[in-house]
A.B. asks: 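Have a look at this one before I ask anything.
Side-chain atoms are counted along with the backbone in the values below, which use heavy atoms only and exclude waters and symmetry mates.
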Amino acid sequence: MAARPKKNQRSEAKPAAEPAEAPQPWRLAFRVAVSVWVLWHLFVLLISPLSVSPTSPLVAHAAQFWAVRAYSDPLYLNHGYHFFGPDPPTYGRVIRYQVFDEAGGVKTEGEFPNLDQQWPRLWYHRHMMLADQAAGVGVFGDPQADQRLTLTAYARHLLQKHEGEQIRLECFRHYSLHPADVRGDVNPNQTTEPADPYDQRFYESEAVVVQRRSDLETPLVPNVPTPPGQGGAAEEIPIGVGR
């Protein structure tokens, strides 16, 4: 038990508490400015997708306000995806091609999309969209004819780019893996290794197009005259394919 101090004994004086430092005005101003900027940034992120139809006139006008456009346009925040989140597709498309020389040998070959050949990611995404658009462009109203038209345009572009004599281009459906394939329990009585998404059993041939150099002289779309000196303007559709 601690001994009590005697009446005539002085107790040790406690150090006086230091006065609290007064907040600096610039710190408060900085915090307010950062808070306002964060709120403004979040507002622009939300208002741009919300302005896509269907929407209210108030939201549409707010997204076109000069202050919003001055901030969103240079930073590429004016997205129009309208908070769209698609479900994963059942399959994607992969296009493979071989370009042959005059002797019939393979001059070059490739496929798109291909993560090893198309980089950075945005360049890969562009080729992925080109492959997905092989479903057709809606010219003839017949899905198979429209798909063949698109694939022919791709084939002609690649044939011109690689200066070949003939090209064989094939479009595949690349099916997504089932959850059981990923887990490796295809057979409930035994556990196997997870399936390889690049296994050929997940690919199905959808269409084949063969083009020769002599075909480049004919119009891509029948009964449509080709402008002089252009050699088929429709070949401009797949710019960037196979680069």
Side-chain angles (χ1 to χ4, degrees), residues 10-95 110-138 150 153-154 157 161 174-179 181-183 194 197-198 236-243:
R10 293 183 178 181
S11 59
E12 295 183 0
K14 296 182 179 179
E18 296 182 0
E21 184 180 356
Q24 298 293 332
W26 67 269
R27 291 185 178 179
L28 178 60
F30 177 76
R31 292 177 181 176
V32 171
V34 171
S35 299
V36 170
W37 172 76
V38 170
L39 293 175
W40 173 254
H41 185 79
L42 293 176
F43 169 76
V44 175
L45 284 177
L46 293 174
I47 199 65
S48 296
L50 282 176
S51 65
V52 178
S53 181
T55 188
S56 68
L58 177 62
V59 174
H61 284 86
Q64 296 300 319
F65 186 59
W66 69 266
V68 176
R69 294 293 300 274
Y71 185 81
S72 64
D73 291 0
L75 297 179
Y76 297 98
L77 299 178
N78 51 348
H79 306 297
Y81 63 96
H82 202 65
F83 303 104
F84 172 67
D87 294 330
T90 305
Y91 61 86
R93 284 185 171 87
V94 177
I95 296 178
E111 70 174 20
F112 60 91
N114 188 310
L115 283 173
D116 296 330
Q117 298 176 3
Q118 290 98 40
W119 188 90
R121 187 76 182 190
L122 185 60
W123 190 239
Y124 167 82
H125 182 264
R126 183 176 184 183
H127 287 79
M128 182 188 72
M129 295 302 295
L130 286 170
D132 286 341
Q133 290 172 4
V137 292
T150 304
Y154 292 174
H157 174 84
K161 179 182 183 299
H174 186 196
Y175 289 95
S176 303
L177 270 65
H178 191 273
D181 297 325
V182 178
R183 292 192 303 263
Y198 298 103
E236 297 298 327
I237 296 175
I239 291 177
V241 175
R243 291 185 182 179

A.B. asks: Can you list the residues that meet the ring pair (Phe, Tyr, Trp, His ring centres under 6.0 Å) rule with Phe43, with sequence neighbours excluded?
C.D. replies: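 Once residues adjacent in sequence are excluded, the partners of Phe43 under the ring pair (Phe, Tyr, Trp, His ring centres under 6.0 Å) criterion are Trp40.
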
A.B. asks: Please round to the nearest 0.5 Å and tell me the distance separating atom CZ of Arg93 and atom CD of Gln133.
C.D. replies: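 The CD atom of Gln133 is 11.0 Å from CZ of Arg93, to the nearest 0.5 Å.
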
A.B. asks: For His174 versus Pro197, what's the shortest heavy-atom pair and its separation?
C.D. replies: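 Between these two residues, the closest heavy atoms are NE2-O, 2.7 Å.
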
A.B. asks: For the OG1 atom of Thr150 and the CG atom of Leu130, what is their distance to the nearest 0.5 Å?
C.D. replies: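 Reported to 0.5 Å precision, the distance equals 10.0 Å.
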
A.B. asks: Find the distance between NE2 (His178) and OG1 (Thr90) and round it off to the nearest 0.5 Å.
C.D. replies: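 Output value for this atom pair is 11.0 Å.
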
A.B. asks: Do Leu115 and Arg121 touch side chain to side chain, with heavy atoms closer than 4.5 Å?
C.D. replies: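 Leu115 vs Arg121: side chains touch.
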
A.B. asks: Does any N or O in the side chain of His82 come within less than 3.5 Å of the main-chain N or O of His79, such that one atom is a donor and the other an acceptor?
C.D. replies: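 A pair under 3.5 Å: no.
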
A.B. asks: Is it the case that the side chain of Tyr124 and the backbone of Gln117 share a donor-acceptor pair, with hydrogens and angles ignored and the cut-off at 3.5 Å?
C.D. replies: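 Such a contact is absent between Tyr124 side chain and Gln117 backbone.
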
A.B. asks: Under the ring pair (Phe, Tyr, Trp, His ring centres under 6.0 Å) test, which residues partner Tyr91, sequence neighbours left out?
C.D. replies: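 Once residues adjacent in sequence are excluded, the partners of Tyr91 under the ring pair (Phe, Tyr, Trp, His ring centres under 6.0 Å) criterion are Tyr175.
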
A.B. asks: More than 12 non-hydrogen atoms from neighbouring residues, nucleotides or ligands closer than 6.0 Å to NE2 on His61, yes or no?
C.D. replies: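 Not more than 12 within 6.0 Å, no.
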
A.B. asks: Distance check, rounded to the nearest 0.5 Å: Glu111 atom CD versus Asn114 atom CG?
C.D. replies: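 Taking CD in Glu111 and CG in Asn114, the distance rounds to 4.5 Å.
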
A.B. asks: Identify every side-chain donor-acceptor pair in residues 44-56 under 3.5 Å, counting partners at least two apart or on other chains, and give the distances.
C.D. replies:
residue: Ser48; atom: OG; partner: Val44; partner atom: O; Å: 3.3
residue: Ser51; atom: OG; partner: Ser48; partner atom: O; Å: 2.6
residue: Thr55; atom: OG1; partner: Leu50; partner atom: O; Å: 2.8
residue: Ser56; atom: OG; partner: Val59; partner atom: N; Å: 3.3

A.B. asks: Using the test ring pair (Phe, Tyr, Trp, His ring centres under 6.0 Å), find all partners of Tyr198 that sit at least two apart in sequence or belong to another chain.
C.D. replies: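 For Tyr198 there are no ring pair (Phe, Tyr, Trp, His ring centres under 6.0 Å) partners, ignoring immediate neighbours.
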
A.B. asks: If you draw a 6.0 Å radius around CG in Leu122, do more than 12 non-hydrogen atoms from other residues or ligands fall strictly inside?
C.D. replies: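 Incorrect, the count does not exceed 12.
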
A.B. asks: Can you list the residues that meet the ring pair (Phe, Tyr, Trp, His ring centres under 6.0 Å) rule with Tyr81, with sequence neighbours excluded?
C.D. replies: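 Ring pair (Phe, Tyr, Trp, His ring centres under 6.0 Å) list for Tyr81, sorted by chain: Phe83.
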
A.B. asks: Quick one: closest heavy-atom pair of Gln118 and Phe112, and the distance?
C.D. replies: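 Shortest heavy-atom contact: NE2-CB, 4.0 Å.
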
A.B. asks: Under a 4.5 Å cut-off applied to non-hydrogen side-chain atoms, are Trp26 and Arg31 in contact?
C.D. replies: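 Of all side-chain heavy-atom pairs linking Arg31 with Trp26, none is under 4.5 Å.
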
A.B. asks: Could you pull out all donor-acceptor pairs under 3.5 Å where a side-chain atom in residues 63-72 meets a protein atom, sequence neighbours excluded?
C.D. replies:
residue: Gln64; atom: OE1; partner: Arg69; partner atom: NH1; Å: 2.5
residue: Arg69; atom: NE; partner: Asp73; partner atom: OD1; Å: 3.2
residue: Arg69; atom: NE; partner: Asp73; partner atom: OD2; Å: 2.8
residue: Arg69; atom: NH2; partner: Asp73; partner atom: OD2; Å: 2.9
residue: Tyr71; atom: OH; partner: Trp37; partner atom: NE1; Å: 3.1
residue: Tyr71; atom: OH; partner: His41; partner atom: ND1; Å: 2.7
residue: Ser72; atom: OG; partner: Val68; partner atom: O; Å: 3.0

